[in-house]
Amino acid sequence: MKIVFAGTPNFACIPLEAVLEAGYEVVAVLTRPDRPQGRKGILTPSPVKETALLHEIPVLQPEKLKTDFSALKEAGADLMITCAYGQILTQEVLDLFPLGVWNIHASLLPAYRGAAPIARALIDGCRETGVTIMKTERGLDTGDILLSKGTPIYDSDDCGTLEDRLSRLGADLIVEALPLIERGPSLQKQGEGFVCKKVERTEVDFSRPSRAVSCLIRGLSPAPFAYARIADTVLNFWFAEEADCEEDVPAGTVVSASPKEGLVVKCGTGAVRITELQPAGGRRMSARDFLNGRKLKEGMKFDIPRSI
RNA sequence: CGCGGGGUAGAGCAGCCAGGUAGCUCGUCGGGCUCAUAACCCGGAGGUCGCAAGUUCGAAUCUUGCCCCCGCAA
């Protein structure tokens with residue numbers, strides 16, 4: 001069975017390697033074109049491309065798949081696996097594969113269809129999410145479901161750790177799914193679901209409840225980050241946990257700023273303890289290290305963004 | 001030429017503008033106090049001040065060039 005693997009970000013790398021390790025013949029990898037990255041605008045290949053090159057698999061990266069899929073056709077694969085590829089597939093492309101196109105999606109469909117299911121589930125405070133293998137159709141993640149598996153979301157998770165776990169889960173599931181697909185699987189239709197939007201860099205609104213703040217921070221870490229302003233500077237937050245707070249002070253007030261107690265900020269209800277952060281121009285550091293520089297004192301107040 | 005911050009002890013920072021003894025918080029090591037401690041007190045070790053050249057009697061500090069790290073924006 002010849003397979004094309006379509007994917008772009010890190011999330012797709014482990015599934016790709018799993019498919020290879022399981023002994024399948026991946027005849028080509030489809031990924032988005034190299035993009036300029038960082039301050040210097042260096043042209044950077046996608047993580048999936050790097051993985052493909054490592055395994056000496058031909059890489060296809062059309063700017064517009066919609067009009068430029070001749071190379072994909074020539075690959076002559078029986079089946080395509082998609083995993084966060086990043087371009088919409090047309091019916092013409094879907095029809096290229098006798099055994100169909102199958103998607104690895106990082107949510108328990110039909111919840112969290114779309115762009116940023118992992119971050120969104122975390123931000124929304126979900127206690128569980130998962131991975132779904134389903135048939136890729138023209139609709140946005142609406143195809144019939146073949147397999148799915150859940151995993152708990154812990155308070156110790158951020159988007160990075162959760163993505164990593166889901167990526168491994170997706171790898172296991174796709175390896176489990178391929179034999180089923182060859183045999184002609186039975187599928188389950190999706191129920192009523194919803195689409196989630198891409199995540200953006202977001203200013204923390206400390207007037208919200210502590211859990212909402214903590215989930216936002218963790219959901220946007222390690223990118224694109226929840227941030228806040230204080231004392232004429234911007235802090236990116238890498239990690240936060242909920243904390244107790246008896247004090248009756250306005251939301252956004254720094255309740256504790258000692259290396260021992262950590263950086264505790266009052267929220268609308270409760271408080272959060274920022275444990276990992278990054279000042280503008282600086283490296284990521286523990287709150288302890290940050291506070292050792294004595295930049296913050298108790299009683300100072302974070303800006304609260306205007307109502308959204 | 002997109003905008004900007006930074007490189008000083010193991011960590012996080014101050015000192016630089018107005019050149020002249022290497023400072024703070026923490027960690028670490030040793031000692032003390034204590035029933036005890038992550039608490040408190042005393043003491044110690046630990047630094048090519050990113051690199052190079054220049055100015056100067058004297059440079060972390062001023063000048064020039066270079067290297068590296070990072071935030072925003074794309």
Side-chain angles (χ1 to χ4, degrees), chain A residues 8-11 31-50 61-64 84-88 115-116 119 122-123 155-156 158-161 163 197-206 213-214 216-247 252-265 271-306 308:
Chain A
T8 296
N10 257 316
F11 178 77
T31 191
R32 285 205 295 195
D34 297 3
R35 296 288 187 219
Q37 286 287 315
R39 264 178 301 275
K40 292 175 183 174
I42 296 168
L43 209 57
T44 308
S46 74
V48 165
K49 181 178 179 179
E50 303 255 31
Q61 24 187 187
E63 190 67 45
K64 283 191 177 179
Y85 166 51
Q87 290 201 50
I88 302 294
L122 206 36
I123 292 169
D155 288 345
S156 58
D158 61 25
C159 198
T161 62
E163 177 178 308
K197 287 182 187 166
K198 204 168 131 181
V199 289
E200 296 176 333
R201 183 173 167 76
T202 305
E203 184 165 5
V204 173
D205 181 358
F206 284 105
V213 171
S214 143
L216 178 73
I217 289 172
R218 290 182 287 120
L220 293 181
S221 170
F225 290 114
Y227 68 97
R229 304 167 193 283
I230 190 168
D232 293 323
T233 189
V234 174
L235 303 179
N236 278 346
F237 298 130
W238 282 76
F239 201 87
E241 58 195 22
E242 291 168 75
D244 296 323
C245 177
E246 306 298 324
E247 297 185 45
T253 304
V254 175
V255 174
S256 163
S258 70
K260 273 174 286 175
E261 309 276 329
L263 177 55
V264 180
V265 184
V272 291
R273 175 178 288 106
I274 310 293
T275 57
E276 295 275 331
L277 56 77
Q278 181 166 24
R283 294 165 163 283
R284 171 189 185 177
M285 62 186 78
S286 65
R288 184 191 185 84
D289 282 345
F290 178 71
L291 293 170
N292 263 334
R294 300 205 146 199
K295 281 180 173 174
L296 288 191
K297 292 175 184 169
E298 289 178 19
M300 292 175 78
K301 200 164 166 295
F302 280 95
D303 293 354
I304 303 289
R306 293 179 188 179
I308 303 160

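Atoms considered below: every heavy atom in the structure, side chains included; atoms not considered: hydrogens, waters and symmetry mates. Note that the coordinates shown come from a computational prediction; the quantities given were computed from them, not determined experimentally.
Between A:Lys40 and A:Val234, the residue anchored closer to the 5' end of RNA chain B is A:Lys40, taking for each the nucleotide with the nearest heavy atom.
Whole-Å rounding puts the A:Asn292 CG to B:U25 C1' distance at 5 Å. If you take CD1 of A:Ile42 and P of B:G2, they are 13 Å apart, rounded to a whole angstrom. Rounding to whole angstrom units, CD of residue A:Glu276 and P of B:A11 are separated by 16 Å.
Counting atom types as modelled, A:Arg39 pairs a side-chain N or O with a base atom of B:G71 as donor and acceptor under 3.5 Å.
Residue A:Met285 has its side chain nearest to B:C13 when only B:C72, B:U25, B:C13 are considered. Ranking B:C26, B:C69, B:C13 by closeness to the A:Pro279 side chain, first place goes to B:C13. Here B:C72 is the nucleotide among B:C72, B:U25, B:G27 with the atom lying nearest to any side-chain atom of A:Arg201.
Going from the P atom of B:U21 to that of B:G58 covers 15 Å, rounded to whole Å.
Residue contacts shown for A:Asp289 are limited to sugar-phosphate atoms, with no base heavy atom under 4.0 Å away.
Side-chain N/O atoms of A:Gln278 include none lying less than 4.0 angstrom from OP1 or OP2 on B:C70. OP1 or OP2 of B:C72 has at least one side-chain nitrogen or oxygen of A:Asn236 nearer than 4.0 Å.
A:Asp34 contributes atom CG, which lies 12.5 Å from atom CD1 of A:Ile42 (distance to the nearest 0.5 angstrom).
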